[in-house]
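One structure is given here, and the rest of the page talks about it.
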Amino acid sequence: MDLETRNQRIYGVIRDVPKGSVASYGQIAEIAGIPRGARQVGYALRCLPKGHSLPWFRIITASGRIAFPEDTRAFRIQRDRLREEGVRVENGKVDMKTFRWQPDLDELLWKPRDTWDED
DNA sequence: CTGATGACTATAG
DNA sequence: CCTATAGCCATCA
C-alpha cells in the first residue's frame with residue numbers, strides 16, 4: 001500500500017467521524033486498516049493540504065486528551081471547535097466514554113435497511 | 001544506512 | 001494525576 005492510498009484511507013475515515021463525536025488516532029488507524037498506525041495518522045494530519053475540509057479536530061489521543069500543549073494556538077482552536085459541536089472539553093480532556101465515536105452503532109443508525117435482516 | 005523524531009499507546013509504579 | 005519505559009513505524013537529516 002503506497003503513501004497516497006494510505007493517506008486517502010485515513011482521510012476517508014476521519015471524514016466519517018460524525019459531528020459531536022471524537023475518535024482516537026489509533027482508532028482511526030485501525031478502521032483504516034493500518035494496525036499500530038496511530039503515529040501515521042498523526043503524521044498524515046500534520047501534512048494536511050492547505051484547503052482541506054477535514055474534521056481534524058475530532059481526532060484526539062486514546063486517553064481523551066488533545067494532543068497539543070495547552071499553550072498553543074492549535075490547542076485552543078481544536079478545543080473551541082469541539083465545543084462548538086457540543087463536545088465537552090474540560091482541562092484539555094474529553095470524556096471518551098461519552099463522546100468516543102462508535103462506528104458499529106453508527107452504521108446501524110445510518111443504513112438500517114441494508115444491514116438488517118428483515119425478513 | 002543510521003539514529004532521531006513525533007498531532008501515538010499501553011503498562012507499571 | 002504524573003513520570004518512566006518500551007513498543008510502534010513513516011520520515012527526515
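So that the names make sense, note that chain A is the first sequence line, chain B the second, and so on, each numbered from 1. These values consider heavy atoms only, across backbone and side chains, with no hydrogens, waters or symmetry-generated copies. Not measured: the values here are computed from a predicted model.
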Does A/Ser24 reach the side chain of A/Ile60, with side-chain heavy atoms less than 4.5 Å apart?
no
How many whole angstroms separate atom CD1 of A/Ile14 from atom C1' of B/dA7?
10 Å
Are A/Tyr43 and A/Ile10 linked, directly or through other ILVMFWY residues, by side chains that come within less than 4.5 angstrom of each other?
no
Does any part of the side chain of A/Val22, heavy atoms only, come nearer than 4.5 Å to the side chain of A/Val17, both counted from C-beta?
no
Can you check the A/Ile60 CD1 to B/dT9 P distance for me, whole Å?
9 Å
Close N/O contacts between protein and nucleotides 1-4 of chain B (under 3.5 Å):
none

pair A/Asp95-A/Arg88: side-chain heavy atoms closer than 4.5 Å:
no
Specify the residues of residues 82-91 of chain A, ordered by number, for which at least one heavy atom lies under 4.0 angstrom from an atom of DNA chain C.
none
Just do the side-chain contact (heavy atoms from CB on, under 4.5 Å) check on A/Arg9 and A/Met1 with the steps written out, would you?
CA-CA 11 Å; A/Arg9 294 179 65 151; A/Met1 173 188 283; 3.2 Å; yes
Candidates B/dC8, B/dA10, B/dA7 - which lies nearest the side chain of A/Ala38
B/dC8
Please measure how far the C1' atom in B/dG6 lies from the corresponding atom in C/dC8, and state the result in whole Å.
11 Å
Could you check whether atom CD of A/Glu85 has more than 12 heavy atoms from other residues, nucleotides or ligands sitting under 6.0 Å from it?
yes
Side chain A/Tyr11, main chain A/Ala44, donor-acceptor under 3.5 Å
yes
Checking A/Gln78 side chain against A/Phe57 main chain: does a donor-acceptor pair fall under 3.5 Å?
yes
Tell me the closest heavy-atom pair linking A/Met96 and A/Ser63, and the distance in Å.
CG-C, 4.3 Å
Residues in side chain to side chain contact (heavy atoms under 4.5 Å, CB included) with A/Arg79, at least two apart?
A/Ile66, A/Phe75, A/Arg76, A/Arg83, A/Val89
Closest non-hydrogen atom pair, A/Ala29 against A/Gly37:
CB-C, 3.5 Å
Compare all side-chain heavy atoms of A/Tyr25 with those of A/Leu45 and state whether any distance is below 4.5 angstrom.
yes
Using a 4.0 Å heavy-atom cut-off to protein, can you give one letter per nucleotide of nucleotides 1-13 of chain C, 5' to 3': B if the base is in contact, S if only the sugar-phosphate is, - if neither?
S-----BBBSSS-
Whole-Å distance separating the CD1 atom of A/Ile59 from the C1' atom of B/dA7
10 Å
Please report the closest heavy-atom contact between A/Pro103 and A/Gln27, naming both atoms and the distance.
CD-NE2, 3.8 Å
Taking atom C1' in both C/dA13 and B/dC1, what distance in whole Å separates the two?
12 Å
Pairs: protein N or O with nucleotides 11-13 of chain B N or O, under 3.5 Å:
none

Student check: side-chain heavy atoms of A/Ile14 and A/Trp56 closer than 4.5 Å
no
Short of 4.0 Å, heavy atom to strand atom, which residues of residues 22-32 of chain A count as contacting DNA chain B?
A/Ser24, A/Tyr25, A/Gly26
So do the side chains of A/Val13 and A/Trp101 get within less than 4.5 Å of each other, counting heavy atoms only?
yes
Counting C-beta onward and ignoring hydrogens, is there a side-chain heavy-atom pair between A/Glu4 and A/Asn7 closer than 4.5 Å?
no
